[in-house]
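Not measured: the values here are computed from a predicted model. In each ligand, atom 1 is the first atom listed, and ligand 1 is the first ligand listed.
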Amino acid sequence: PAAPIRVLVTGAAGQIAYSVIFMIASGQMFGPHQPVILHLLDIAKMADALKGVVMEIDDGAFPLVAGVVATTDIKAAFMGIQVALLIGAFPRGPGMQRKDLLKMNASIFKEQGEALKNYASRSVKVLVVGNPANTNALTTMTQASGLPASNFSALTRLDQNRALSMIAEKVGVNVNKVKNVIIWGNHSLTQLINRFLCYNSRVPDVNSAYIQNYPSPSVITPVSTAVNDEKWIREQFIPLVQNRGAAVIAARKLSSAASAATAVVCHMRDWVLGTKDGEIVSMAVCSDGSYNVPKGLIFSFPVTCRGGEWTIVQGLKITDFIQSKIDLTIKELNEEKEAALSFLN
Ligand code: NAI
């Protein structure tokens, strides 16, 4: 049998973790034959809740779980890890300014970046989920000097999945027929609803997307042709994707958790096991200057994955409308970056 993979989940007593841990344990992230050792980190005041999560992992009797390291100690949590799902973050409280939020998170992700540098496998794959995810990933990467920039990513797959599902519903096909909707840019700090921060300046782009086997088997139709309603795409679809998190909060009185966990599994599974031929997914990764995005920003790009490495897909056509939105998200990310880096020294 394969040697177990050591997977760290931070924020392990929180909502998203409560779904994602059990998906990993049941083999959805690394496949049905890959054992895992779960490293679970939360803060001291959550130690009892974390014990409860471990009891439930035990009670699941998962054949793939080869061990559990549940701890509030950062060194024990990061020791030897090969995959890091950085989900725990500092939430914005009432009256808290955006600057304070960036500051609190800079200190968390500074410490975790250093822990990656000191204790993790050199090939550790890092996925930052805790918001502001792009900038937290940037802080982590900056502090983990010596580890390759290609080890770091942030989550935009939830936005991609939301977009796929909305297009499928509009056209009237199963979601697995819709391919290559792209999410560009950032999760930005824009709104506070029911004490939850909502992030809604990410840019969904259907210009490279198509519907498989539509309208008949073995035919491929561009999404723009299948939808045939540019006004709907600009005025309904894009804001619906951007505001979906807020809509879930309004309905559930809690933020998206099971769907976020699903997106975490999709992101890491594709990174480790590879994307399907011809299929593009979105991951926020370190820009190499592709599409004129400033080098070094953690930015959501179209990627494919093979052999455990991601590659930015080049040469996609970007309309002026999408470019204007990409410019805004770059501006915002640059501002967040400046603020976060100013707290690190
Ligand atoms: P939650 O509040 O239920 O859980 C967060 C957990 O993190 C708590 O148990 C907390 O004690 C822990 N935590 C805080 N600081 C920590 C630290 N320094 N080390 C370890 N653990 C720490 O939140 P939930 O719903 O699980 O969401 C987690 C994060 O994911 C939030 O920042 C949320 O905004 C973000 N998110 C990101 C999405 C994305 O698409 N990128 C989608 C949905 C949520």
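In the vicinity of Gly130, heavy-atom distances shorter than 4.0 Å reach the ligand 1 atoms 29 (C), 30 (O), 32 (O). Heavy-atom proximity to Ser255, at under 4.0 Å, picks out these atoms of ligand 1: 25 (O). Close contacts between ligand 1 and Gln112 involve ligand atoms 19 (N) [criterion: under 4.0 Å to a heavy atom]. Against a heavy-atom cut-off of under 4.0 Å, Ala89 is close to the following atoms of ligand 1: 14 (C), 15 (N), 32 (O). Distances below 4.0 Å separate heavy atoms of Ile87 from the following atoms of ligand 1: 28 (C), 29 (C), 30 (O).
Checked by distance only, ligand 1 and Ile16 come closer than 3.5 Å through their nitrogen or oxygen atoms. Remark: ligand 1 and Asp159 share no N or O pair separated by less than 3.5 Å (distance only, no angle test). Residue Ser256 places no N or O, backbone or side chain, under 3.5 Å from any N or O of ligand 1. Considering backbone and side-chain N/O of Thr10, none are found under 3.5 Å from N/O of ligand 1.
Pro91 pairs by the side chain to side chain contact (heavy atoms under 4.5 Å, CB included) definition with nothing, not counting sequence neighbours.
At a heavy-atom distance under 4.0 Å, no atom of Pro91 approaches ligand 1. At a heavy-atom distance under 4.0 Å, atoms from both the backbone and the side chain of Gln15 approach ligand 1.
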Throw together a table of side-chain donor-acceptor distances under 3.5 angstrom for residues 284-304, partners on residues two or more places apart or in other chains.
from	atom 1	to	atom 2	distance (Å)
Ser287	OG	Gly289	N	3.0
Ser287	OG	Val293	O	2.9
Ser287	OG	Pro294	O	3.3
Asp288	OD1	Ser290	N	2.9
Asp288	OD1	Ser290	OG	2.6
Asp288	OD2	Ser290	OG	3.4
Ser290	OG	Gln314	NE2	2.9
Tyr291	OH	Val313	O	2.6
Tyr291	OH	Gly315	N	3.1
Tyr291	OH	Leu316	N	3.0
Ser300	OG	Thr156	OG1	2.7
Ser300	OG	Ile183	O	2.7

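Side chains of Asn186 and Glu336: a donor on one and an acceptor on the other come within 3.5 Å.
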